[in-house]
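To start, the structure itself, in structure tokens.
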Amino acid sequence: MADADRWEVGTNGLWCAVTPKDRVLPPQGWKLHLSATPASAESVLTRSLPVLLRSRAAFKFMGRVEYVVQMNARNTPRGKSGKFITVYPADDQEAVRLADELHRATAGLAGPRILSDRPYRYDSIVHYRYGAFVEARRLSNDGLYSWVIFDPDGNPVEDRRAPVYQPPAWVQCPFPAPVGNPAEGGGSGTKKDDRGVLLAGRFLVREAIRHTNKGGVYRGVDTESGSEIVIKEARAHVEADKTGKDVRDLLRAEATALAKVSPLSVAPRPLKLFEQNQHLFLAEELVPGKPLCQWVPIRIREVGWRRRIPEALDIAARLVELMDLVHQAGVILRDFNPNNIMVRPDGRLELIDLEFAVLAEAREGEHRPAGTPGYAAPEQMNGAAPNIQADYYSLGATICFVVTGNSPSLLPDEPARRPIRERLAEWLEVRQDASDHDDLKTLILGLMDDEPERRWTTARARAALEAARERPERPALPHPSIETGSGAEPERGADARLGDEQWRDAVDGAVGYLLASMNSAGSMNSAGSMNGAGSINSAGSMNGPGGDRLWPGSCANAAADPCSVQLGAAGILGVLTRYFELTGDDRLPAVLATAGGWLAQRLRADDTRPPGLHFGDAGVAWSLYEAGRALDDGRLVEQGLELAGSVSVSSRDLDVTHGTAGIGLAFLHLWLRTGDEEFRTRVHEAADRLIAEARTEPGGLIWGTPAAHISRLAGGRYYGYAHGTAGVGTFLVAAAAATGRADCLALARQAGETLLTNASVTDGAAMWGSGPGDPTTAPYWCHGSTGIGMYLIRLYRATGDDRFEKLAHMAARAVMDHSWRGVLGQCHGLSGNGEFLLDMADLADGPRYEGLAHQLARIVHASRAYRDGRTVFPDQEGAVNPSWADGMSGVLAFLLRLKYRSPRLWMVDSVLERGHRS
């Protein structure tokens with residue numbers, strides 16, 4: 001660069017930014033994006049640089065080819081995918097000129113279509129959209145960040161990065177219309193009418209089944225035969241490798257595999273493979289029924305996990321036969337899993353989604369990693385050539401899912417430490433009732449052996465299943481009677497408890513991970529963000545030490561407030577404070593002080609913040625105060641109290657996580673801690689507001705979120721703890737106990753009556769829908785039996801009404817019936833369920849429920865992995881993250897309570913013990 005001194009060049013995570021020193025960019029405008037593949041990226045950059053440097057335009061580009069691979073992957077968020085170079089023109093005229101020059105410079109080079117943008121010309125890799133140049137963020141009412149631009153009146157408007165071109169209504173597009181671009185509604189062979197979209201002059205698309213970056217899957221009709229069909233789409237250049245192969249090649253391979261097995265009636269018949277508008281489509285017959293991944297949970301709910309699926313042996317035999325037939329036809333599947341197997345209405349099994357399948361005679365050559373984590377053999381995920389033994393592993397994993405209702409997706413040890421077979425044996429053992437059939441357990445372990453040559457063949461699996469059928473059927477295990485008191489571990493006794501050594505292993509690992517992952521060396525930049533590097537996560541945002549977080553965020557919630565209880569630093573601080581109070585670990589004072597100081601500083605980076613307990617300032621204030629109290633740090637205590645004093649109860653949300661009920665719990669906690677009458681007044685204000693906003697509807701007593709509120713909860717009506725009747729009732733019960741207010745207790749009792757009326761009780765287990773008219777949902781903290789049971793047992797303590805206690809026991813039974821569900825977190829996982837069982841132990845019957853909580857703790861512990869010698873636990877995405885809601889600190893909170901029987905975090909249960917204060 002001849003005039004290098006006139007440019008500022010720097011790196012920020014994935015990007016290398018190049019900015020002329022003498023230019024001041026506007027905050028927003030029309031920006032350009034150029035796409036590329038791993039094979040074309042160097043050429044795209046080489047041809048673009050002269051244009052950009054000559055024009056003195058500001059731009060950035062991805063710094064490594066590996067980042068281009070990530071950006072173009074099949075599951076990259078569709079609104080983010082494809083962007084290799086971003087250009088920030090000075091004005092509209094420059095935007096149009098640069099688009100034309102870059103289009104001419106890069107003509108003929110390959111790159112995927114950028115779905116958030118409009119292409120400059122048909123077949124061009126140059127795209128444009130209107131958006132922010134200097135990224136400004138605002139925290140939403142839900143405690144999530146959104147990028148914003150500003151309308152002509154200066155009002156913030158979300159800068160949506162959706163997979164569709166949607167310029168703001170107030171802007172005028174300066175670019176010429178892209179002539180002949182079929183993506184804009186005019187391509188040959190594509191016709192739209194009220195019935196749908198007609199492809200290839202034959203296939204009428206009526207609805208999308210799903211959309212991913214690689215392309216959509218659609219349901220439609222073959223107009224020639226009238227039969228229902230499925231159409232799969234593969235977008236050009238998505239997941240391209242350095243040779244130019246992309247997802248279109250996988251779709252061609254699927255068509256070949258389907259044609260090969262079609263005579264066997266084990267997969268849908270392919271109808272036509274065709275190209276249209278640079279996309280490749282495969283039309284095939286629709287297979288009726290439900291995917292095995294859905295069928296198994298439904299069947300488990302119908303018959304109860306502890307009774308096992310009666311058809312388990314039969315389903316396992318059919319899976320073996322299905323794989324054997326395909327192998328005999330000369331096809332290696334490479335992605336045999338419950339998502340890709342349909343259970344037809346007559347019970348027959350049929351394969352779908354054969355995109356990774358290869359013909360046995362064509363398996364030589366270079367192959368990329370393929371398959372579904374948890375179901376694909378380790379060597380296959382590492383890029384080994386296709387082999388039948390890897391399919392045997394997938395067969396064992398699929399049978400495991402049928403038996404346990406769980407995917408055997410074990411987070412890998414790094415470095416490798418334990419054989420998969422050893423880990424899987426423990427994983428099956430703790431799911432004691434589901435794996436009690438020793439024949440199936442032995443079969444699973446034989447098929448999923450670490451060593452491919454030792455894996456059972458389909459012939460051996462078939463023989464084992466035939467032998468198992470000849471043995472007398474063993475009686476189903478009894479359900480430990482939660483209601484009658486027959487004991488928590490009637491089958492196993494003391495060995496069903498989590499041992500002290502296991503507990504220490506888990507707790508030391510969790511604490512060690514939280515301390516090691518804290519970004520204590522991070523520094524704020526002028527924009528209020530942390531400096532450093534990172535990687536793209538599933539939300540298309542930056543994670544790790546380079547983000548604006550003290551701890552890394554979860555992949556599922558990357559845009560979350562970095563300060564909140566639910567997903568940010570306040571939740572982790574609260575758990576670590578409790579750990580310090582219980583153990584006195586001398587590593588913690590410095591950590592708590594650093595985290596508290598970071599929170600107090602970081603709060604100033606957002607001009608508006610939500611007020612709530614789990615997603616806002618009330619929860620942060622609670623954590624700051626408790627950390628200061630534990631450290632005897634008056635400054636942190638005052639910062640917590642000052643922040644709490646700024647929070648208003650007049651939130652448009654009324655629930656525990658975002659709104660008035662949770663804010664009221666925070667005020668009640670601080671009143672009990674400090675005796676400050678101002679907090680007592682705030683408790684009464686919160687109670688008054690909730691009483692005034694209560695509505696009796698056909699579904700019972702409900703506190704809804706206004707439809708006009710800007711929130712994903714807008715218009716919602718819920719029964720659960722996080723957003724509904726149970727959560728609001730929990731505050732009212734605590735407020736009544738603390739203040740003696742009869743109106744609070746009366747309304748709390750009415751809320752309990754609503755939950756009694758709307759319970760769905762089957763075989764002694766109580767479950768609820770998310771809201772009026774909804775089907776029953778899984779028994780978790782946020783919605784369902786766990787959170788509702790938490791409320792019912794507290795309502796029983798306040799009222800003495802045995803009906804509420806009985807229903808709480810039934811909720812606990814539902815929790816144990818669904819303990820096969822393997823997610824480990826607090827919000828919707830085993831740690832939150834375990835905490836409810838400890839609530840029952842504290843408030844109802846100690847030994848029985850403590851034993852049941854230990855059973856869940858053993859399942860949690862068996863799901864561990866070791867990273868650099870430290871125990872860690874996966875979140876719902878199969879990653880490791882530190883958050884309270886779905887990550888490591890939530891697991892730690894449960895394990896601490898299991899041992900020390902300490903009070904539950906973010907609750908005010910002490911008032912139920914000592915009665916109200918005047």
Check: [X] side chain, [Y] main-chain N or O, donor-acceptor pair, under 3.5 Å:
X	Y	result
Asp653	Asp655	no
Tyr718	Ile702	no
Arg609	Asn141	no
Asp142	Leu144	no
Thr725	Leu701	yes
Ser623	Val620	no
Asp159	Ala132	yes
Asp561	Gly616	no
Ser407	Ser409	no
Gln826	Gly890	yes

Check whether any side-chain heavy atom of [X] sits under 4.5 Å from a side-chain heavy atom of [Y], and report yes or no.
X	Y	answer
Phe894	Val891	no
Arg901	Leu838	yes
Ile691	Cys744	yes
Leu672	Ser910	yes
Leu895	Leu498	yes
Leu514	Ile572	yes
Arg864	Val872	no
Phe731	Val908	no

Chi angles and distances behind the ring-ring contact (aromatic ring centres under 6.0 Å, His included) call for His828, His783: CA-CA 8 Å; His828 40 271; His783 297 288; 9.5 Å; no
Considering all heavy atoms of both residues, which atom of [X] and which atom of [Y] are nearest to each other, and what is their separation?
X	Y	result
Val656	Leu613	O-CB, 3.6 Å
Arg549	Leu567	NH2-O, 2.6 Å
Leu690	Ala661	CD1-CA, 4.0 Å
Met767	Ser785	CA-OG, 3.4 Å
Leu732	Leu747	CD1-CD2, 3.9 Å
Ala737	Leu912	CB-CD2, 4.3 Å

Arg695 and Trp703: CA distance, side-chain angles, deciding distance, side-chain contact (heavy atoms from CB on, under 4.5 Å) verdict: CA-CA 6 Å; Arg695 299 291 182 267; Trp703 285 268; over 6 Å; no
[X] side, atom [atom1]; [Y] side, atom [atom2] - distance, nearest 0.5 Å:
X	Y	atom1	atom2	value
Tyr849	Met816	OH	CE	10.5 Å
Phe873	Ser863	CZ	OG	8.0 Å
Asp633	Leu592	CG	CG	10.0 Å
Leu603	Cys563	CG	SG	5.0 Å
Leu573	Leu624	CG	CG	6.5 Å
Leu856	Leu837	CG	CG	5.5 Å

Check [Y] with [X], please: is the shortest side-chain N to carboxylate O separation under 4.0 Å?
X	Y	answer
Arg578	Glu581	yes
Arg587	Asp585	yes
Arg904	Asp909	no
Glu626	Arg673	yes
Glu678	Arg682	yes
Asp839	Arg897	yes

Report the residues that fulfil ring-ring contact (aromatic ring centres under 6.0 Å, His included) with Trp768, sequence neighbours left out, ordered by chain and then residue number. none
Tell me every residue that passes ring-ring contact (aromatic ring centres under 6.0 Å, His included) with Tyr719, counting only those two or more places apart in sequence or in another chain. none
Looking at Tyr721 versus Trp781, is the centre-to-centre ring distance below 6.0 Å? yes
Check step by step if side-chain contact (heavy atoms from CB on, under 4.5 Å) holds for Cys827 and Asp886. CA-CA 6 Å; Cys827 184; Asp886 62 353; 5.8 Å; no
Intermediate values then yes/no, side-chain contact (heavy atoms from CB on, under 4.5 Å), Phe580 and Leu631: CA-CA 9 Å; Phe580 173 61; Leu631 296 173; 4.2 Å; yes
Please lay out, stage by stage, how Glu158 and Arg138 fare under the test salt bridge (Lys or Arg N to Asp or Glu O under 4.0 Å). CA-CA 9 Å; Glu158 183 178 0; Arg138 293 290 187 275; over 6 Å; no
Consider only side-chain N and O atoms of His861 and Asp505, and report whether a donor and an acceptor are under 3.5 Å apart. yes
Criterion side-chain hydrogen bond (donor to acceptor under 3.5 Å, both in side chains) on His614 and Ser564, from CA distance to verdict: CA-CA 6 Å; His614 286 266; Ser564 71; over 6 Å; no
Evaluate Trp884 against Trp551 for ring-ring contact (aromatic ring centres under 6.0 Å, His included), listing each step before the verdict. CA-CA 12 Å; Trp884 178 85; Trp551 276 280; over 10 Å; no
Would you say Leu582 has more than 12 foreign heavy atoms packed within less than 6.0 Å of its CG? yes
Check the pair Leu411 / Arg867 against side-chain contact (heavy atoms from CB on, under 4.5 Å), numbers first and verdict last. CA-CA 10 Å; Leu411 189 69; Arg867 297 290 167 89; 3.3 Å; yes
